[in-house]
Amino acid sequence: MDEHSASPFRRVWHVAEAIPEGCVASYSQVAKLAGLNGGARRVGGALAKAPDRSRLPWHRILKADGKIALPAGSAGRREQIRRLEDEGVLIENGRVDMKKFQWQPDMDELIWGPLAFPAFGDDAE
DNA sequence: AACGTGACGAGGA
DNA sequence: ATCCTCGCCACGT
């Protein structure tokens with residue numbers, strides 16, 4: 001049904017899909033939009049368990065300070081950096097300037113966007 | 001049931 | 001800027 005009845009994981013995936021290309025969001029930001037207040041730590045787990053990670057823009061989600069959460073040297077981290085650079089997000093020393101790249105949905109998007117009416121922007125329930 | 005853990009975050013030293 | 005401590009909360013032991 002709608003995202004309120006959907007599982008927390010589904011809601012997280014849905015929010016992730018709403019992050020525009022070339023933009024990033026913080027774990028806490030995604031958690032809040034997904035209705036998981038104080039659940040920033042849950043977001044990572046949800047992304048990792050996504051059925052199709054190749055199609056989910058999990059790479060656009062970073063720590064609040066702009067740092068990449070995945071551990072240095074890990075394959076996932078390299079993949080994330082590659083994906084971000086591919087869409088024009090600048091990364092210096094594993095850090096992204098949130099001032100410039102953080103996604104900030106406007107009112108219209110919050111009220112009328114896919115987050116508000118998932119059935120319109122996604123495979124309708 | 002207590003305890004440790006983690007793709008987090010804010011605040012203080 | 002870096003490190004540490006706590007708060008957070010779902011999960012697995």
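By convention in this document, chain letters (A, B, ...) are assigned in the order of the sequence lines, proteins followed by strands, and residues within each chain are numbered from 1.
- Atom SG of Cys23(A) is separated from atom CG of Leu84(A) by 11.0 Å, given to the nearest 0.5 angstrom.
- A sub-4.0 Å separation between OP1 or OP2 of dC8(B) and a side-chain N or O of Ser28(A) is absent.
- No donor-acceptor pair closer than 3.5 Å links the side chain of Arg60(A) to the backbone N or O of Val24(A).
- Taken residue by residue, residues 37-48 of chain A places heavy atoms nearer than 4.0 Å to DNA chain C at Gly38(A), Arg41(A), Arg42(A).
- Counting to the nearest Å, the P atom of dC8(B) and the CH2 atom of Trp58(A) are 13 Å from each other.
- Taking every heavy atom of residues 71-94 of chain A and every atom of DNA chain B, no pair lies under 4.0 Å.
- In this structure, the OH atom of Tyr27(A) is 13 Å from the C1' atom of dG9(B), given to the nearest Å.
- At least one side-chain heavy atom of Leu56(A) sits less than 4.5 Å from a side-chain heavy atom of Trp13(A).
- One interatomic measurement links the two molecules: CD1 of Ile19(A) to C1' of dA7(B), which rounds to 13 Å at whole-angstrom precision.
- Under a 4.0 Å N-O distance rule, the pair Glu79(A)/Arg83(A) qualifies as a salt bridge.
- Taking atom CZ of residue Arg53(A) and atom P of nucleotide dA7(B), one finds them 12 Å apart after rounding to whole Å.
- Of the possible polar contacts, one joining the Arg77(A) side chain to the Leu70(A) backbone as a donor-acceptor pair under 3.5 Å is found.
- If you take CD of Gln29(A) and P of dG9(B), they are 10 Å apart, rounded to a whole angstrom.
- With a 4.5 Å cut-off on side-chain heavy atoms, His14(A) and Leu115(A) count as touching.
- Ionic pairing of Asp52(A) and Arg55(A) is present here: one or more N-O contacts between side-chain nitrogen and carboxylate oxygen are shorter than 4.0 angstrom.
- For Met98(A) and dC8(B), the CE to C1' distance is 12 Å, given to the nearest whole Å.
- Note that the CH2 atom of Trp112(A) and the CD atom of Glu109(A) stand 14.0 Å from one another [nearest 0.5 Å].
- Atom CD in Gln102(A) sits about 10 Å away from atom P in dG9(B), given to the nearest Å.
- Across the protein-nucleic acid pair, Lys49(A) atom NZ and dG6(B) atom C1' stand 12 Å apart, rounded to whole Å.
- In this structure a side-chain-to-backbone donor-acceptor pair under 3.5 Å is present from Gln80(A) to Ile61(A).
- Taking only side-chain atoms of Lys67(A), from C-beta outward, the nucleotide of dC8(B), dT2(C), dG9(B) with the closest atom is dT2(C).
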